[in-house]
Amino acid sequence: MTKVWAYVFIDTVNPGPKRVVREVRVLPGVIRADALLGTPDVIAIVEGTDLAEMDAVIDRIAELEGVLDTDSKVARWID
């Protein structure tokens, strides 16, 4: 089954990135989440079986306390 995935760039309140990273990492559909130095504060890789499922994961991230904004870039593998 082909999955769709995206990079999600997350801006947070300060202090807050450390807590947000921990909360993002446990969400279903999140492959990886890391804190960054600079802007954005956090980057996550999310996936779903289709765009709607992937968007639902991104919506859950945006609803977390301390998240100010998200910017998502859908990605695709190129051989």
[X] with [Y], same ILVMFWY side-chain cluster at under 4.5 Å:
{"X": "V24", "Y": "I45", "answer": "no"}
{"X": "I43", "Y": "L27", "answer": "no"}
{"X": "V74", "Y": "V30", "answer": "yes"}

Original post:
Which pairs, with at least one residue in residues 27-48 and sequence neighbours excluded, count as a salt bridge (Lys or Arg N to Asp or Glu O under 4.0 Å)?
Top reply: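 Checked against salt bridge (Lys or Arg N to Asp or Glu O under 4.0 Å) - neighbours excluded - the pairs reaching residues 27-48 are K3-E47, R25-D34, R32-D34.
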
**OP:** Can you tell me which residue pairs pass the salt bridge (Lys or Arg N to Asp or Glu O under 4.0 Å) test with a partner in residues 6-15, sequence neighbours excluded?
**Re:**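 Listed once each, the pairs would be none.
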
**OP:** Working to the nearest 0.5 Å, report the span between OG of S72 and OH of Y7.
**Re:**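 Rounded to the nearest 0.5 Å, the OG-OH separation comes out at 13.0 Å.
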
**OP:** State the NZ-OG1 distance between K18 and T12, to the nearest 0.5 angstrom.
**Re:**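 Here the interatomic distance stands at 12.5 Å.
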
Quick one: side-chain contact (heavy atoms from CB on, under 4.5 Å) partners of [X], sequence neighbours excluded?
{"X": "R19", "result": "E23, E65"}
{"X": "T70", "result": "V8, I10, I58, I61, A62, V67"}
{"X": "D59", "result": "none"}
{"X": "D50", "result": "A52, E53"}

Original post:
Does V13 sit in a hydrophobic cluster with other residues, and if so which ones, taking ILVMFWY side chains as linked at heavy-atom separations under 4.5 Å, directly or through other members?
Top reply: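 Result for V13 is L68.
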
Original post:
For R60, which residues count as a side chain to side chain donor-acceptor pair (under 3.5 Å) partner, sequence neighbours excluded?
Top reply: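 If we apply the side chain to side chain donor-acceptor pair (under 3.5 Å) test to R60, skipping adjacent residues, there are no hits.
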
Original post:
Are side-chain heavy atoms of R76 and W5 found at a separation under 4.5 Å?
Top reply: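 Answer no - side chains too far apart.
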
